[in-house]
Structure formats: structure tokens, C-alpha cells
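A short write-up of the structure that comes next.
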Amino acid sequence: MKITDLLSRKKLTLSFEVFPPKTDSSFDSVKRATEEISKLRPLFMSVTYGAGGGTSKYTLEIAKSIKEKNGVPTVAHLTCVSSTRETVRERIADIRAAGIQNIMALRGDLTPDLADSDRSAWPYRHAIDLIRELKEEGDDLCIGAACYPEVHPESASQREDIMHLKEKVDAGASFLTTQMFFDNNLLYNFLYKIREAGITAPVIPGIMPITRENQVERAIKLSGSFMPRRFISMVDKFGSSPAAMMQAGVAYATDQIIDLFANGITNVHVYTMNKPEVASQIMANLSDILDK
Ligand code: FAD
């Protein structure tokens, strides 16, 4: 099932992101956790490709197990920046062979050695190169792309970032998922600007529940997100108590999601960090709000 078809139903729903195991030995525990999360029957689940410390080789296995065990539609992430054309073609063929129709087409982060190297000969310099290749595969694939309400850190300006986002959509990305953010006004402002720029593709806001104090630094490093005063106060007050931080972090994310629904968003993507308890508590908090 294509993500765009699921989104067109306009039901108030959650979708979940998980990441593959970091090591071979953690494969079984990650598989169990992701299957547990899929039992909550989100609208769909996405599986990252090497992000969050996971290795890329298990993306497809995790995506397949979610789809086959609990029938949840899946999105397989795929990055291209350090890959050869041959590798990318193999990955696309594997994704197709697994019966997965949805691919989140990403460039991937530039590690310091990549950032310093001569990029002129790279087969994939930006996500758009992968999107174009996927589009040539035919219309049975549903291609997603990343977007950044707070501007991608490499962009000189938001205008430039949005211009490149429009190019990704014009090249074939039919849905967009955002980087995490902790202040919904940043999302509303971004939506206004991209609609004004002529981008009409559905945008799925990505919400990261921060449930441990040590996640904060990592989240800022990864996303450069702005932390509102009330978010900082929450971490200051509850960060030293794991149970309290868990409850407060889930409540903060729930509050963000309710506000998004109240302002016209229909699907929110939750970065679960492979934690079934986080996904299930958020679902429970929204039990009378989410459409069945
Ligand atoms: P691009 O779209 O290529 O954009 C990167 C930068 O280049 C931006 O500044 C953009 O404005 C600029 N740009 C874009 N096109 C052009 C162009 N044609 N010419 C000049 N400049 C251009 N990383 C992983 O490793 N694995 C994952 O699974 C993963 N999943 C993610 C999911 C989401 C929802 C998000 C938001 C990010 C994810 N990432 C993942 C991180 C992502 O790989 C990084 O943010 C990366 O730095 C940029 O990827 P992109 O696809 O947005 O790149």
C-alpha cells in the first residue's frame, strides 16, 4: 500500500519510525521490539537505513518482518551519498523483491571524510539523484523525501533549502517527512512557506519523544533543533529521574501531537527509538483522539 493512498484517507493517525540493530547480536532484540511496536497497528512504519547507529544491512529484514507479521505497511529508507550505482540498484531490487512499495530517498549525512573529498565524480551528490533514479523505475513505487522546518544545517538560507525541496518533489517525491522539532510554530511557519513556494505534497511531521536526559544532547547534535524554554525546564526538572522523565517526555510529545491534529495535520510520525513502551503510551494517551 502506498503511503500517499494511506494519507489521502485523512484519518487522525500515527506512524512510527524504528531503526535496524547496531550489531549482529542485537538483531533478535531489535526484531522483537519492532514487532511489538507494529502490534499497535500504526498507519505505517518506516525503517531507517543506518541512521541512529543502526547498520544498513538489516533495514530490509526488519521492514519485511513488520509487514509480514502484523500486516503494517512499511517504508524502507535508502541513502545514496557514499554508494555506487551498482549498490543502489541492488538495494532497490531487494526492496522490490521484498514487496515493499515505499522508499524514503535520502542523501545521508556527510561524514567528515566525505565532506572533504572531491564530490564532482560522485554518482549521487544529493537525494534528488536517487529520487530521479527511483522515478525511472516506474509509478508503482511511492517515493518519500526528508524536509527541514528549521532548515538543513548545510543550507545557506531557508529560501535555498525550500527551492531544493521543491526540486525533490518535482523530480518524484510524493510525500515529505520532517526532521524532529520541539516547537510546533516552526512547523506551521515552514508549511506556510513551502505551500507559498508551490509544494503541494503531503508533509508528515516527525515528533521525537525525549524520554531520557541524555537524548537531549544527541537530538540537538543530530537535528540542530530549537529547544523551547518549557522543554528545557522540563528536562531540568525531571531529567535526573528516569521514570519522571519518561512520563514528562511522553506527555510533551503527546501535547505536540494534539496541537498538530488540532491545526489540520492528520498523520504524525513518531520517532520511537525502538521503544515499544514509548509508542504504546503515546497511543494510549490519544486513544479517543485517533481514528480507528
Ligand atoms: P538532500 O536533499 O540532498 O539535502 C542536503 C542539503 O543539500 C540541504 O542543505 C539541501 O538544501 C541541499 N541540496 C539538496 N539538493 C541540492 C542540489 N540539487 N544542489 C545543491 N544543494 C542541494 N540518514 C540516514 O543515514 N539514514 C536514514 O534512514 C535517515 N532517515 C532520515 C529521515 C528523515 C525524515 C530525515 C529528516 C532525515 C533522515 N536522515 C537519515 C538524515 C539525512 O540523511 C540527513 O539529514 C542528510 O544530511 C540530508 O539528507 P537529505 O536526503 O535531506 O539530502
Side-chain angles (χ1 to χ4, degrees), residues 3 15-22 34 44-60 62-63 74-83 88 91 95 100 102-112 114-115 119-120 122-134 143-173 175-181 186-187 190 193-194 197 199 201-208 218-225 267-274:
I3 299 306
S15 49
F16 293 138
E17 182 177 290
V18 293
F19 55 80
K22 291 178 188 153
T34 54
F44 67 89
M45 283 174 68
S46 71
V47 187
T48 67
Y49 190 78
T55 63
S56 49
K57 68 177 179 177
Y58 288 125
T59 296
L60 207 49
I62 297 290
T74 48
V75 180
H77 289 207
L78 182 60
T79 64
C80 58
V81 72
S82 52
S83 303
V88 166
R91 293 284 171 276
I95 292 171
I100 293 169
N102 305 294
I103 302 183
M104 174 61 85
L106 300 143
R107 183 195 68 179
D109 276 324
L110 293 178
T111 51
L114 284 175
R119 301 183 207 176
S120 57
W122 291 2
Y124 306 94
R125 270 184 266 179
H126 288 286
I128 192 168
D129 302 321
L130 176 59
I131 292 168
R132 288 193 179 118
E133 191 161 327
L134 288 166
I143 309 165
C147 63
Y148 303 85
E150 295 178 72
V151 185
H152 188 276
E154 287 165 39
S155 287
S157 67
Q158 188 169 45
R159 195 191 56 76
E160 195 184 286
D161 207 23
I162 291 177
M163 181 185 86
H164 291 309
L165 183 62
K166 180 151 186 342
E167 288 164 0
K168 291 201 282 191
V169 173
D170 292 346
F175 69 97
L176 302 168
T177 306
T178 76
Q179 180 60 281
M180 67 182 88
F181 56 90
L186 294 163
L187 190 268
F190 172 71
K193 287 184 179 163
I194 66 165
I199 299 173
V203 173
I204 307 174
I207 293 295
M208 165 84 92
R218 193 172 146 65
I220 299 178
K221 207 167 137 202
L222 210 75
S223 64
S225 303
N267 180 257
V268 176
H269 202 50
V270 178
Y271 296 122
T272 68
M273 302 299 286
N274 292 357

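If you read the sequence from its start, that first residue is 1, and numbering goes on from there. Computed from a predicted structure; not experimentally measured. Computed over heavy atoms, backbone and side chain alike; hydrogens, waters and symmetry mates excluded. One-based numbering, in listed order, for ligands and for the atoms of each.
- Not a single heavy atom of G206 lies less than 4.0 angstrom from ligand 1.
- Atom NZ of K193 is separated from atom CG of L165 by 13.5 Å, given to the nearest 0.5 angstrom.
- Considering only heavy atoms from C-beta on, F16 stays 4.5 Å or farther from H269 through its side chain.
- Taking distance alone, with nitrogen or oxygen atoms compared against 3.5 Å, G108 approaches ligand 1 more closely than that limit.
- Taking every non-hydrogen atom of D161 and a distance limit under 4.0 Å, the qualifying atoms of ligand 1 come out as 8 (C), 9 (O), 10 (C), 11 (O).
- You'll find the side chain of V75 reaches within 4.5 Å of the side chain of F44, heavy atoms only.
- Using a cut-off of 4.0 Å between Lys/Arg side-chain N and Asp/Glu carboxylate O, D129 and R125 are scored as not salt-bridged.
- For the residue pair H77/T59, the side-chain donor-acceptor check at 3.5 Å is not satisfied.
- Between S225 atom OG and Q179 atom CD the span is 5.5 Å, to the nearest 0.5 Å.
- The shortest N/O to N/O separation between H152 and ligand 1 falls below 3.5 Å.
- Across the listed options L78, V151, L106, V75, L106 owns the non-hydrogen atom lying nearest to atom 39 (N) of ligand 1.
- Ion pair R132/E167 not flagged as a salt bridge, since none of the NZ, NE, NH1 or NH2 atoms sits closer than 4.0 Å to an Asp/Glu carboxylate oxygen.
- Below 4.0 Å from some heavy atom of S155 lie the following atoms of ligand 1, by number and element: 8 (C), 9 (O), 10 (C), 11 (O).
- For ligand 1, the atoms closer than 4.0 angstrom to any heavy atom of T177 are 34 (C).
- In terms of polar-atom proximity, K168 is counted as a contact of ligand 1, with an N or O under 3.5 Å from an N or O of the ligand.
- Contact annotation: the side chain of T178 never approaches that of I204 to less than 4.5 Å [non-hydrogen atoms, C-beta and beyond].
- Residue contact check: T79 has heavy atoms under 4.0 Å from atoms 24 (C), 25 (O), 26 (N) of ligand 1.
- Residue contacts with ligand 1 for F19 are absent, since no atom lies close enough (heavy atoms, distance under 4.0 Å).
- A 6.0 Å sphere centred on CZ of R119 holds more than 12 heavy atoms belonging to other residues, nucleotides or ligands.
- Here atom 36 (C) of ligand 1 lies nearest to A146 when heavy atoms of S82, A146, A127 are compared.
- Considering backbone and side-chain atoms together, Y148 places an N or O closer than 3.5 Å to an N or O of ligand 1.
- Heavy-atom proximity to atom 51 (O) of ligand 1, evaluated over E17, R107, H77, is greatest for R107.
- For the 3.5 Å distance criterion, the side chains of Q158 and Y148 fail to qualify, holding no donor opposite an acceptor.
- Taking all heavy atoms of H269, M104, H126 into account, the minimum distance to atom 13 (N) of ligand 1 is reached by H126.
- Close approach of ligand 1 to Y271 (heavy-atom distance below 4.0 Å) involves ligand atoms 34 (C).
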